[in-house]
Number of protein chains: 2
Amino acid sequence: MKLTSKGRYAVMALVDLARFDSINPVSLRDISLRQSISLDFLEQIFSKLKKNNIVKSIRGINGGYILNKDPNDIKLTNIFHAVDEKVKTVQCKKDSKKGCNGKATKCITHDLWDELEVHINTFFENKSLQDLVKNNRDSRV
Amino acid sequence: MKLTSKGRYAVMALVDLARFDSINPVSLRDISLRQSISLDFLEQIFSKLKKNNIVKSIRGINGGYILNKDPNDIKLTNIFHAVDEKVKTVQCKKDSKKGCNGKATKCITHDLWDELEVHINTFFENKSLQDLVKNNRDSRV
DNA sequence: ACCATACCTGACTAAAACGGTCAAGTTTAG
DNA sequence: CTAAACTTGACCGTTTTAGTCAGGTATGGT
Ligand code: FES
Ligand code: FES
């Protein structure tokens with residue numbers, strides 16, 4: 001299971017973006033300053049977000065990024081997937097017939113981790129960017 | 001968030017132990033062989049489990065470990081806590097007034113991670129060792 | 001035309017975490 | 001008295017993390 005800074009920052013940056021992009025594109029510099037995230041790191045992250053069609057870029061002066069979809073249609077799952085944070089709790093390869101112990105049968109705890117995986121993914125699938133923006137409406141930076 | 005081999009092995013080993021400890025203490029050697037876990041690593045893990053009163057040790061020949069509580073009373077939460085796998089999704093210190101960004105206010109995604117933390121912990125609190133043993137009754141190694 | 005702004009790309013790296021191993025015990029049953 | 005099993009703590013190679021650095025390229029405002 002992975003939940004690292006990359007994923008955390010991705011979500012943070014997108015919430016920021018969603019709140020400010022209504023008028024103009026938002027530059028990474030602004031996000032960097034507002035959220036205290038390294039600019040270089042943000043560029044790395046947004047490169048991936050762009051490849052996954054979550055944001056669009058506008059180059060040149062006054063350029064920046066804008067969302068490529070409705071915030072309601074951007075689920076946390078999508079974001080994590082874009083930045084390669086996989087919620088993977090089982091150790092074995094899902095399709096393989098072998099267990100994580102190298103034996104022919106699944107290990108003694110396989111079902112448990114699988115259940116947990118579903119549990120967590122459900123959480124991420126039910127949360128959209130819009131939900132997060134809504135919760136932050138009153139506490140503007 | 002952490003979910004590493006140590007936690008996984010701890011659960012795996014305890015399920016194994018729970019299934020075999022009815023008659024005699026179970027030696028780590030046996031668990032090691034049955035579950036394909038390094039013996040040295042198991043010793044490290046069981047040392048912690050013992051400190052947290054989850055298992056008892058019986059020294060000498062024919063010794064081994066036995067559970068220190070009813071399998072129904074051993075929740076996964078307890079196991080993870082014992083081996084220092086903390087389900088910690090927020091980045092900031094909970095009690096601190098400062099956010100993970102160093103600012104005075106909580107970061108824009110703090111509530112989200114907090115909610116996730118509760119979501120996962122609930123899962124672990126509702127699962128006991130007994131539940132896992134039950135599910136493996138039919139598929140004996 | 002120019003140039004500042006902002007996106008874009010890839011290589012690089014210090015530090016931490018992971019997944020153990022190794023060594024040197026101590027305790028107890030048989 | 002000795003072998004089996006627990007006990008403790010140091011150690012370490014590899015991988016991942018969380019960025020940094022260095023150089024681009026595109027574009028629009030003046
Ligand atoms: S996690 Fe799938 S076999 Fe162990
Ligand atoms: S996670 Fe608590 S302030 Fe960011």
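Each chain gets a letter, A, B and so on, in the order the sequences are listed, and its residues count up from 1.
- Here the range on DNA chain D touched by chain B, meaning any atom under 4.0 Å from one of its heavy atoms, is D/dA4 to D/dT8.
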Polar atoms only, N or O, under 3.5 Å: list the protein pairs with nucleotides 4-8 of chain C and their distances.
{"from": "C/dC7", "atom 1": "OP1", "to": "A/Leu28", "atom 2": "N", "distance (Å)": "3.3"}
{"from": "C/dC7", "atom 1": "O2", "to": "A/Arg59", "atom 2": "NH2", "distance (Å)": "3.3"}
{"from": "C/dC8", "atom 1": "OP1", "to": "A/Lys50", "atom 2": "NZ", "distance (Å)": "2.6"}
{"from": "C/dC8", "atom 1": "OP1", "to": "A/Ser57", "atom 2": "OG", "distance (Å)": "2.7"}
{"from": "C/dC8", "atom 1": "OP2", "to": "A/Tyr65", "atom 2": "OH", "distance (Å)": "2.5"}
{"from": "C/dC8", "atom 1": "N4", "to": "A/Glu43", "atom 2": "OE1", "distance (Å)": "3.2"}

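- We find that CG of A/Leu3 is positioned 15 Å from P of C/dA17, with the value rounded to whole Å.
- Between B/His119 and A/Phe123, the ring planes lie tilted relative to each other; the angle falls in the 30° to 60° range.
- B/Arg8 has its CZ atom 15 Å from the C1' atom of C/dA17, to the nearest Å.
- Pairs engaging residues 63-81 of chain A under the salt bridge (Lys or Arg N to Asp or Glu O under 4.0 Å) rule: none recorded [sequence neighbours left out].
- Sorted by first and then second residue, the salt bridge (Lys or Arg N to Asp or Glu O under 4.0 Å) pairs involving residues 110-132 of chain B (not counting sequence neighbours) are A/Glu115-B/Lys127, A/Lys127-B/Glu115, B/Lys94-B/Asp114, B/Lys94-B/Glu117, B/Asp131-B/Lys134.
- Ring-plane geometry between B/Phe46 and B/Tyr65 is classed as tilted, the angle between the planes lying from 30 to 60 degrees on a 0 to 90 degree scale.
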- Task: Could you go through the side chain to side chain contact (heavy atoms under 4.5 Å, CB included) check for B/Ile74 and B/Ser128 one step at a time?
- Result: CA-CA 5 Å; B/Ile74 302 177; B/Ser128 74; 6.0 Å; no
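- Sorted by first then second residue, the side-chain hydrogen bond (donor to acceptor under 3.5 Å, both in side chains) pairs that include residues 42-55 of chain B, not counting sequence neighbours, are B/Lys48-B/Asp84, B/Lys50-B/Ser57.
- The side-chain heavy atoms of B/Ser36 and A/Lys103, taken from C-beta on, include a pair separated by under 4.5 Å.
- Between the P atom of C/dC22 and the CG atom of B/Leu42 lies a distance of 16 Å, rounded to the nearest Å.
- The CE atom of B/Met12 sits 11 Å away from the P atom of C/dG20 (whole-angstrom rounding).
- Judged as a side-chain contact (heavy atoms from CB on, under 4.5 Å), and not counting sequence neighbours, the contacts of A/Lys56 are A/Ile66, A/Asn68.
- Taking side-chain N and O atoms only, B/Ser5 has no distance below 4.0 Å to OP1 or OP2 of C/dC18.
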